[in-house]
Asks: 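Can you keep this structure in mind? I'll have questions shortly.
Predicted model, so just to flag it, every value in this text is computed and none were measured. Note: hydrogens, waters and symmetry copies are ignored here, and every other heavy atom, side chains too, is used. Nothing fancy with the numbering, it's 1 onward along the sequence.
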Amino acid sequence: DDVDQLVKPKDFIEALEKYPGALHKFDGFGAASKRFMLRHIKLAKTGDTRNKRILQIAVLASEGRKLPGS
């Protein structure tokens, strides 16, 4: 599955690229944390929820912070 392979969806990459340093900082997180956050995005039931989760994680990553629980 994409999450286990740590494959970042295109829309998530685009969101990370909008925030300075977010992509680099996200890539620096441990594998378990990345898996947790990617799964959080993948399990969204609606497009709106998915977009909100992507934005939340991109902003946190730009600040060098992880999603709580990851």
Asks: What donor-acceptor contacts under 3.5 angstrom involve side-chain atoms of residues 35-43, with partners at least two apart or in another chain?
Replies:
unit_1	atom_1	unit_2	atom_2	d
Arg39	NH2	Asp4	OD1	3.2
Lys42	NZ	Asp1	OD1	2.8

Asks: Hey, could you give me each pair passing side chain to side chain donor-acceptor pair (under 3.5 Å) that has a residue in residues 16-31? Not counting sequence neighbours.
Replies: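 Passing the test, one end in residues 16-31: Lys8-Asp27.
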Asks: Looking at every non-hydrogen atom in both residues, tell me the closest pair between Ser33 and Ser70 and how far apart they are.
Replies: OG-C, 3.7 Å
Asks: Over all heavy atoms of both residues, which pair between Leu60 and Pro68 is shortest? Give the atoms and the distance, please.
Replies: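 Where Leu60 meets Pro68 most closely, the heavy atoms are CD1-CD, 4.3 Å.
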Asks: Is there a chain of hydrophobic side chains (I, L, V, M, F, W, Y, each step under 4.5 Å between heavy atoms) that links Leu6 to Phe26?
Replies: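 Cluster IDs for Leu6 and Phe26 match.
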Asks: Return the CZ to CG distance between Phe12 and Asn51, rounded to the nearest 0.5 Å.
Replies: 12.5 Å
Asks: Looking at every heavy atom in both Ala61 and Ala22, which two are closest together, and how far apart are they?
Replies: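 Heavy atoms only, the tightest pair is CB-O, 3.7 Å.
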Asks: Applying a strict under-4.5 Å side-chain criterion to I, L, V, M, F, W and Y, I'd like to know whether Leu67 and Val3 cluster together.
Replies: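 Looking at the clustering, Val3 is in the same group as Leu67.
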Asks: Of all heavy-atom pairs between Pro20 and Ser62, which one has the smallest distance, and what is that distance?
Replies: O-CB, 4.0 Å
Asks: Can you see which heavy atom on Pro9 is nearest to which on Arg50, and at what distance?
Replies: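 The pair with the smallest heavy-atom distance is CB-NH2, 3.4 Å.
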